[in-house]
Amino acid sequence: MIGIFDSGIGGLSVYREIKKLLPHEDYVYYADNAHCPYGEKTKEYIIGRAREITEILVKKGADIIVVACNTATAAAISTLRAEYSDPGNEKTREKMLRLSGGRIDHIRFIGMEPAIKPAVAMTRSGVAGVLATAGTLKAEKYRHTRDTMHGDVVVAEHIGQGFVELVENGETSGPHAEEVVRNSLKPLIDEGADTIVLGCTHYPFLIDVIRKIAGPGVTVIDPAPAVARHLLEVMQEEGLLSGNPDCQATSDAGAKNPGHSEFLSSGPDNILKKIASEI
């Protein structure tokens, strides 16, 4: 079973891409919307939430977990791997066996990668834009990736102010959504960005509005498909796939035996269930 979690419903944009590649796997998704957004939370706070959610997902049957949140990946994934991924550590092994009812002795984690490299490679203007939360933009992992880019490309950054709240409220179109998106997108366009990286898993739910405001000359990059492909590769290597190893959405196995998906949340679940049902 694949576990997925996010600060809210944004990680459903990642679930959507994973489901396309792995239609017959079982899923458990956890939206931590009672504690959303993570962007302004401390690293210690996010690590605490990530630990608690990881243990919920393992108890539910997860064998591998996707941290479908850029902020949580930056803040917590190293800690999660240290505490839950090493079967050679006796304490880790005992904890995992206890949590999983003796089923597994360690768990793999897949995180969100800053998609700066493709943006830098694709830009024609020499300016690549990044829309993300404050937590992601100040994270060491993101800054390291940004600072190791070669060439003369400028990486322009802006916080998607109010984007998470729009998506959590199910408001992904209309005049108000356009106004909120325009306020954060315009500074990047004014700097000359012709590629825009979506550095938060909530943002793809606003991609139509983003593209409308950015215009046809700007390429918008959603990293979720790349994360889904990476998950597939890891599951193949670890022998965690169920059914047809090709795992394509068009496969007979995927069409005849769709997997089960369970959606959990720490807060109200009406928007979560609405978007999940649409996906």
Side-chain angles (χ1 to χ4, degrees), residues 4-17 29 31-41 45-46 49 67-75 111-116 119 128-139 142 146 155-191 193-215 218-225 227 265-268 270-272 274-276 278-279:
I4 304 173
F5 78 87
D6 178 42
S7 62
I9 62 176
L12 290 175
S13 65
V14 182
Y15 164 79
R16 175 174 57 194
E17 297 302 325
Y29 181 98
D32 196 22
N33 53 352
H35 303 267
C36 183
Y38 280 177
E40 302 296 335
K41 301 288 195 303
Y45 186 93
I46 296 169
R49 294 303 305 153
V67 184
C69 173
N70 294 72
T71 302
T73 296
M112 300 301 298
E113 292 291 332
I116 305 173
V130 179
L131 275 172
T133 66
T136 294
L137 293 178
K138 68 184 180 184
Y142 166 79
R146 178 199 63 193
V155 178
E157 303 165 347
H158 207 280
I159 296 170
Q161 203 72 41
F163 285 28
V164 171
E165 290 82 358
L166 284 174
V167 175
E168 288 295 317
N169 290 326
E171 190 178 358
T172 57
S173 62
H176 179 243
E178 290 182 13
E179 179 185 4
V180 171
V181 168
R182 184 177 291 107
N183 288 338
S184 291
L185 187 59
K186 190 174 184 298
L188 298 179
I189 302 301
D190 288 347
E191 286 192 53
D194 65 348
T195 58
I196 303 289
V197 176
L198 302 184
C200 172
T201 56
H202 282 78
Y203 297 0
F205 287 110
L206 293 164
I207 197 165
D208 289 341
V209 176
I210 292 170
R211 284 175 172 156
K212 177 181 177 180
I213 293 170
V218 176
T219 301
V220 182
I221 301 174
D222 175 9
V227 172
S265 64
S266 57
N270 54 319
I271 302 297
L272 170 67
K274 178 181 182 294
I275 294 180
E278 291 170 356
I279 292 174

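Owing to the predicted nature of the structure, the values given are computational and were not obtained by experimental measurement.
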Please report the closest heavy-atom contact between Thr195 and Ala119, naming both atoms and the distance.
OG1-O, 3.3 Å
Applying salt bridge (charged side-chain N to carboxylate O under 4.0 Å, His left out), can you list everything that pairs with Glu165, at least two apart in sequence or on another chain?
none
Could you tell me which residues satisfy side-chain contact (heavy atoms from CB on, under 4.5 Å) with Ala177, sequence neighbours excluded, listed by chain and number?
Leu166
Sequence neighbours excluded, which residues qualify as salt bridge (charged side-chain N to carboxylate O under 4.0 Å, His left out) partners of Glu157?
Arg146
Evaluate the side-chain proximity of Tyr38 to Asp6: yes if any heavy-atom separation is below 4.5 Å, no if none is.
no
Considering only heavy atoms from C-beta outward, does the side chain of Arg16 approach that of Pro204 to under 4.5 Å?
yes
What residues form a side-chain contact (heavy atoms from CB on, under 4.5 Å) with Ile271, not counting sequence neighbours?
Ile9, Ile275
Backbone of Thr201 reached by a side-chain donor or acceptor of Ser13 within 3.5 Å
yes
With a 4.5 Å heavy-atom cut-off, do Val218 and Leu185 have their side chains touching?
no
Minimum heavy-atom separation for Ala72 to Phe5, with atom names?
CB-CE1, 4.3 Å
Taking only residues two or more places apart in sequence, or in another chain, which ones meet Arg49 in a side chain to side chain donor-acceptor pair (under 3.5 Å)?
Asp32, Glu52
Quick one: salt bridge (charged side-chain N to carboxylate O under 4.0 Å, His left out) partners of Lys186, sequence neighbours excluded?
Asp190
Identify, with sequence neighbours excluded, every residue that meets side chain to side chain donor-acceptor pair (under 3.5 Å) alongside Thr133.
Thr71, Thr136
Are the side chains of Pro223 and Met112 in contact, using a 4.5 Å heavy-atom criterion?
yes
For a quick test of reading the model, state the closest non-hydrogen atom pair linking His202 to Cys36 and the distance between them.
NE2-SG, 4.4 Å
Where Ile4 and Gly11 come nearest, the two heavy atoms and their spacing:
CG2-O, 4.4 Å
Any side-chain to backbone donor/acceptor pair from Thr73 onto Val67? Under 3.5 Å, distance only.
yes
Pairing residues for Tyr203 by the ring pair (Phe, Tyr, Trp, His ring centres under 6.0 Å) criterion, not counting sequence neighbours
Phe163
For Asp194, enumerate each residue passing the side chain to side chain donor-acceptor pair (under 3.5 Å) test, keeping only those at least two apart in sequence or located in another chain.
Thr123, Ser125
Only counting residues at least two apart or in another chain, list the ones meeting side chain to side chain donor-acceptor pair (under 3.5 Å) with His35.
Tyr45
Val209 vs Thr172, side-chain contact (heavy atoms from CB on, under 4.5 Å): CA-CA, chis, key distance, verdict:
CA-CA 8 Å; Val209 176; Thr172 57; over 6 Å; no
Is any side-chain heavy atom of Leu12 closer than 4.5 Å to a side-chain heavy atom of Leu272?
yes
Taking side-chain contact (heavy atoms from CB on, under 4.5 Å) as the test, write out the residues that go with Gln161, two or more places apart.
Ile159, Ser184
I'd like to check Asn33 versus Ser266 (side-chain heavy atoms, cut-off strictly below 4.5 Å). Are they in contact?
yes
Closest non-hydrogen atom pair, Ala193 against Gly129
CB-N, 3.7 Å
Distance, nearest 0.5 Å, that separates NE2 of His158 from CG of Asn183:
8.5 Å
Could you report the tightest heavy-atom contact between Ile279 and Tyr15, atom names first, then the distance?
CG2-CE2, 3.9 Å
Listing request: all side-chain hydrogen bond (donor to acceptor under 3.5 Å, both in side chains) pairs with a residue in residues 204-214, at least two apart in sequence or in separate chains.
Glu178-Lys212
